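For reference, the structure is listed below as structure tokens.
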Amino acid sequence: MRHATTARRRRNGTWLRIAAAVVVGLSLLLLSSGRAADGASGAAACVPAQPKTCTLRQLADQLGIRIGATITSSRLADAAYADLLAKEFNAATPDNELKWYSVQPAPGDWRFTGGDLDLTFGTDHQMAIKGHNLIWAQDRYTPSWVRDLSASDLRDAVAEHIATVVGRYAGRIPRWDVVNEPLKDFGTGPSDSVFHRKLSKRWITKVFELAHQADPDAELWLNEYGTDWVPGKFDALLALVKRLQAQGAPIDGVGLEMHRPLASGPDVGQLVQQMRSIAKLGLKVGLTELDVPIKPGDASGPAAQAKAYGRMVGACLQVSRCREVTMWGIDDGHSWLDNLGIFPTPTRPLLFDEQLAPKPAYNAVRACLARAVLVAQKAKGPLPACAGA
Ligand code: G3I
């Protein structure tokens, strides 16, 4: 009887081993087919020589750079928006949710819901979320209660704000725009802000030090507008950055926003030179807020816009320390430019139209990224054309 039982157990054991082998084999087959498609995502395979087979994200991942867009928490329930954001971009910048006026509109009134939603989405989709921004050195975007503080209370409020916000996201937000637009919009001097008026001459360095204390692992960047076309502004920015470095500010990178009026399409050579000047200081550089408004009804607008995007992205890809290109929005249905009151609307400044369909500008950016991948691979054969190559 004992033997019979043993034989039956042995037969059962054999069947179990066969079943286990089949399950493992099937799992590996499924996994390998998914991976063969393209990474864990299972997206269609990207062949850079045929840019149409790739998303911006797939190409940027191959280049090891961040291709980003703004993220707006109130739109994340829209599946079409959310899917496009995760499919095409590996990074995102909360449009407004992490700004002081959103996060602490009144003393001690902390509001993190929007920032938390953005970060959760980024984490769920393996996207790097950029903290934007800790201090916006412009009174019109600084809560009035902050502007009304005495110098010593302002120092305390700034320290508390940075410790609270950066501390909350420490280890989860890898990079912060610590100070946004410290220079005048259309000039070369310091922008008019309560921080400049009431704090010490080294207030920007102090703010960077506070952010570093709150999260020593986060990359800390300065972000500025108009340096590619306001006369003398880039030189003023470079001088400021050198001063901050001399003061010992823990600064890692400089963002050039690139909100570009179409008429004066960016000069690629100048932009490359500017980014290289920043890189020479040992810093990273990024193009952080791309949008290019076009005139309604201008038939040549979409093509000119595509060229402008190609020039900006192509310029970044020529500079090894340019590690980020972020679009200031995804689709033409949602751009701050349409509420600015300066440009005739709709300005249609972005890569996707109001129905989230890709525009010539999207194709231009994709071509530049694909070209850069092929150049990096020293691939033979024709390269996709890129206006900024
Ligand atoms: O959410 C409120 C809404 O409840 C209210 O009814 C409405 C009317 O007052 O305002 C809404 O808030 C607006 C917010 O955008 C959300 O749409 C603010 O008024 C408006 O000032 C805010 O504009 C943002 C602007 O920064 C100022 O913060 C834009 O969306 C944002 O794209 C823009 O982005 C900046 C970067 O952060 C820094 N570089 C320049 C860039 C353009 O100004």
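Keep in mind that this is a model prediction, so the values were computed, not measured. One-based numbering, in listed order, for ligands and for the atoms of each.
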>> Pair Glu354, His334 - check side-chain contact (heavy atoms from CB on, under 4.5 Å), show working.
In response: CA-CA 8 Å; Glu354 291 86 346; His334 300 79; over 6 Å; no
>> What protein heavy atom lies closest to atom 35 (C) of ligand 1? Include the residue and the distance to one decimal.
In response: Trp136 CH2, 3.8 Å
>> Only heavy atoms of Asp95, strictly under 4.0 Å: list the atoms of ligand 1 that pass.
In response: 30 (O), 31 (C), 32 (O)
> Hey, is atom 13 (C) of ligand 1 under 4.0 Å from any protein heavy atom?
Replying inline: no
>> Given 3.5 Å as the limit, does a donor-acceptor pair link the side chain of Ser193 with the main chain of Phe195, or not?
In response: yes
> In Å, rounded to the nearest 0.5 Å, how long is the span from CD1 of Ile135 to CH2 of Trp100?
Replying inline: 5.0 Å
>> Walk me through whether Trp110 and His161 qualify under ring pair (Phe, Tyr, Trp, His ring centres under 6.0 Å).
In response: CA-CA 9 Å; Trp110 299 102; His161 186 80; 5.7 Å; yes
> Any N or O of Trp328 that comes nearer than 3.5 Å to an N or O of ligand 1?
Replying inline: yes
>> Quick one about Gln138 and Ser191 (side-chain donor to acceptor, distance below 3.5 Å, no hydrogens or angles considered), yes or no?
In response: no
> Would you say atom 6 (O) of ligand 1 has a protein heavy atom nearer than 4.0 Å?
Replying inline: no
>> If we only consider heavy atoms of Tyr225, is any one of them less than 4.0 Å away from an atom in ligand 1?
In response: no
>> Run the ring pair (Phe, Tyr, Trp, His ring centres under 6.0 Å) test on His259 and Trp336 for me, step by step, so that the C-alpha distance in whole Å, both residues' side-chain angles and the decisive distance to 0.1 Å come before the verdict.
In response: CA-CA 11 Å; His259 292 293; Trp336 70 287; 5.1 Å; yes
> In ligand 1, which numbered atoms sit nearer than 4.0 Å to a non-hydrogen atom of Tyr101?
Replying inline: 22 (C), 27 (C), 28 (O)
>> I'd like to know if atom 43 (O) of ligand 1 has any protein heavy atom within a distance of less than 4.0 Å.
In response: yes
> Should one rank Asn96, Asp177, Asp185 by closest heavy-atom distance to atom 15 (O) of ligand 1, which comes out on top?
Replying inline: Asn96
> Using 30° and 60° as the class limits, which term best fits the ring planes of Tyr225 and Phe186: parallel, tilted or perpendicular?
Replying inline: perpendicular
> Does the protein place any heavy atom closer than 4.0 Å to atom 38 (C) of ligand 1?
Replying inline: yes
> Got a protein heavy atom sitting under 4.0 Å from atom 18 (C) of ligand 1?
Replying inline: no
> Quick one: which ligand 1 atoms are inside 4.0 Å of a heavy atom on His259?
Replying inline: 40 (C), 41 (C)
> Under 4.0 Å from any heavy atom of Asn180, which atoms of ligand 1 are there?
Replying inline: 38 (C)
> At what distance is the nearest protein heavy atom to atom 41 (C) of ligand 1, and which residue and atom is it?
Replying inline: Glu289 OE1, 3.4 Å
>> Checking contacts now, so for atom 26 (O) of ligand 1, which I'm interested in, is there any protein heavy atom under 4.0 Å?
In response: yes
>> Does the protein come close to atom 1 (O) of ligand 1 - that is, does one of its heavy atoms sit below 4.0 Å from that atom?
In response: no
> Are the ring centres of Phe121 and His125 closer than 6.0 Å?
Replying inline: yes
> Heavy-atom distance from atom 31 (C) of ligand 1 to the protein below 4.0 Å?
Replying inline: yes
> Which atoms of ligand 1 are found less than 4.0 Å from any heavy atom of Glu257?
Replying inline: 39 (N), 40 (C)
>> I need the atoms of ligand 1 closer than 4.0 Å to a non-hydrogen atom of Glu181, numbered in the order shown.
In response: 38 (C), 39 (N), 40 (C)
> Just by distance, with hydrogens left out, do Gln274 and Asp228 show a side-chain donor and acceptor under 3.5 Å apart?
Replying inline: no
>> Which label fits Tyr141 and Trp136: parallel for a plane angle under 30°, tilted from 30 to 60°, or perpendicular past 60°?
In response: parallel
> What is the minimum heavy-atom distance between Ala387 and Gly310, and which atoms define it?
Replying inline: CB-C, 4.0 Å
> What residue and atom, counting heavy atoms only, is the protein's closest point to atom 33 (C) of ligand 1, and at what distance?
Replying inline: Lys99 NZ, 3.7 Å
> Do any N or O atoms from the side chain of Gln104 and from the backbone of Gly108 form a donor-acceptor pair under 3.5 angstrom?
Replying inline: yes
